[in-house]
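Working notes, structure below.
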Number of protein chains: 2
Amino acid sequence: MAAKSTRDEQDRGRPDAAADLDFWSFVALANRRLAEEYGFRHQLATEVLLTLNRASDLVTYDLEAAVHRPRGRSWSAFRLMFVVWLAGPLEPRNAARLTGMSRAAVSNLGKSLVADGLLDRTPDERDGRSVQLSLTGAGHAEMVSVFREHNEREFGWAGALTEAEQRILVLLLDKLITGHDGFDARGRR
Amino acid sequence: MAAKSTRDEQDRGRPDAAADLDFWSFVALANRRLAEEYGFRHQLATEVLLTLNRASDLVTYDLEAAVHRPRGRSWSAFRLMFVVWLAGPLEPRNAARLTGMSRAAVSNLGKSLVADGLLDRTPDERDGRSVQLSLTGAGHAEMVSVFREHNEREFGWAGALTEAEQRILVLLLDKLITGHDGFDARGRR
DNA sequence: ATCAACTGATTCATACGTTTACTATTTTCG
DNA sequence: CGAAAATAGTAAACGTATGAATCAGTTGAT
């Protein structure tokens, strides 16, 4: 296992014991204390979820910082434009469902993106309550351009795994999610 | 593969084509269009990262909504108290590194938690600039109690996988992260 | 011993997302 | 047909995270 430091025994109680803990040695320490001192039983579950969240945060933060912020866009703006690009035109309701944002977030974000000339919001003829979101020409051009860079950097991350490993990872995550299914994008039933 | 709907061919361009897309069929649709219409090459990487983020968001949202919000605590507050509990006492700097938050976030959050009587912030004798975070008695009691519920619900998620599968998942995520190593908790070098 | 450079924590202004409440439209069904 | 319920989108209030600036203490060179 790559970066697991070994120094997580001894020196509990030393003044700055936490100073040289890294993520992996913290997980090991947490596992040990939760089991030995408190008797919790599902340490592997804790380790799975800690690692899952850690990986997701790290990758997201990197993509946002390296690709999107320099162009003046937020991670959420990219996500919204991504689904409008590939699944659009669509209603805010469906955009929210597919991105996992709230409807209000789509509404707010959409307002900015319309102001920036990247998104069009046209009234729905069928349903007077609703609206259709679509990319403008400029929005489409920006997505094609930004996704080129985004996709290369995604590959930089996923490329640490072989293709077979990547497929297994998707399968396992799929099983994790759908084993708990019946939720929509934001955990609502 | 469990919930992959098959209706992601045909009917592009139908007025509400997105209405019955779910997450998996959206991923399939995105893969197809990115490859066929735009010629992007790393679709598997896109699928891996979309699924990773999705899984992480879903699990986090569920734990926060089911376990922590009902007790009036945020997800971030739990994360901070978790590391202080198991790796503490520690300095805000190290708490930020282990949780992946910014130092400012730790400072803000810490203020609330101290006000609520869950956290102690005592000056460091060695270094007058610094401070040591530790749990109060009430904070410790709350963590033991809340983690019992948290851990059961974690198990509810991870339990969708066999133990062997869980170990493989951790290994793969580990490899994904450390294959890109040299980052600290928030992607800083 | 002193000053400059560094490091740690905090505060401030800002941005973003969520929840709740509201308005408008559509649907349902008595 | 018409009133009640449901649904879509938006606005307001709130909480929380972030980066920049600030304050304070430490370190090291001279």
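The chains referred to below are lettered A, B, ... by the order of the sequence lines, with proteins before strands, and numbering in each begins at 1.
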Measuring from the side chain of [X] (C-beta onward, heavy atoms only), which nucleotide among [options] has the closest atom?
{"X": "B:S76", "options": "C:dC16, D:dT10, D:dA17", "answer": "D:dA17"}
{"X": "B:E91", "options": "C:dA9, C:dC16, D:dT10", "answer": "C:dA9"}
{"X": "A:P92", "options": "C:dT11, C:dT18, D:dG9", "answer": "D:dG9"}
{"X": "A:L109", "options": "C:dT10, C:dG8, C:dG17", "answer": "C:dG17"}
{"X": "A:A104", "options": "D:dA11, C:dC16, C:dT10", "answer": "D:dA11"}

Does [X] put a side-chain nitrogen or oxygen below 4.0 Å from OP1 or OP2 of [N]?
{"X": "B:R121", "N": "C:dT10", "answer": "yes"}
{"X": "B:S130", "N": "C:dA9", "answer": "yes"}
{"X": "A:S102", "N": "C:dT18", "answer": "yes"}
{"X": "B:K111", "N": "C:dA9", "answer": "no"}

Round to the nearest Å and state the distance from [X] atom [atom1] to [N] atom [atom2].
{"X": "A:E64", "N": "D:dT18", "atom1": "CD", "atom2": "P", "answer": "10 Å"}
{"X": "B:R97", "N": "C:dA9", "atom1": "CZ", "atom2": "C1'", "answer": "16 Å"}
{"X": "A:L80", "N": "C:dT18", "atom1": "CG", "atom2": "P", "answer": "12 Å"}
{"X": "B:M101", "N": "C:dT10", "atom1": "CE", "atom2": "C1'", "answer": "16 Å"}
{"X": "A:R69", "N": "C:dT14", "atom1": "CZ", "atom2": "P", "answer": "16 Å"}
{"X": "B:R73", "N": "D:dG15", "atom1": "CZ", "atom2": "P", "answer": "14 Å"}
{"X": "A:R93", "N": "C:dT26", "atom1": "CZ", "atom2": "P", "answer": "17 Å"}
{"X": "A:N94", "N": "D:dT7", "atom1": "CG", "atom2": "C1'", "answer": "13 Å"}

Practice problem: State, to 0.1 Å, how close B:L80 and B:T99 come at their nearest heavy-atom pair, and which atoms those are. | Solution: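 Taking B:L80 first and B:T99 second, the nearest heavy atoms are CA-CG2, 4.0 Å.
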
Quiz item: Between A:V131 and A:N108, who's closer to the 5' end of DNA chain D by nearest nucleotide?
Solution: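 Residue closer to the 5' terminus by nearest nucleotide: A:V131.
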
Practice problem: Report yes if some heavy atom in the side chain of B:F82 is under 4.5 Å from a heavy atom in the side chain of B:L86; otherwise report no. | Solution: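 With C-beta onward as the side chain, the pair touches.
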
Exercise. Determine whether any donor atom in the side chain of B:R103 lies under 3.5 Å from an acceptor atom in the base of C:dA9, or the reverse, and answer yes or no.
Key: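 By the distance-only test, yes, there is a pair.
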
Quiz item: Taking the six-membered ring of A:F155 as reference, does the NZ or CZ atom of B:R41 fall below 6.0 Å from its centre and within a 45° cone about the axis?
Solution: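 No, cation not above the ring by the 6.0 Å, 45° rule.
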
Quiz item: Yes or no on ring-ring contact (aromatic ring centres under 6.0 Å, His included) for A:Y38 and B:W85, after CA distance, side-chain angles and deciding distance?
Solution: CA-CA 12 Å; A:Y38 297 95; B:W85 176 30; 5.0 Å; yes

Self-check item: B:R71/B:E142 salt bridge by N-O under 4.0 Å criterion
Solution: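 No.
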
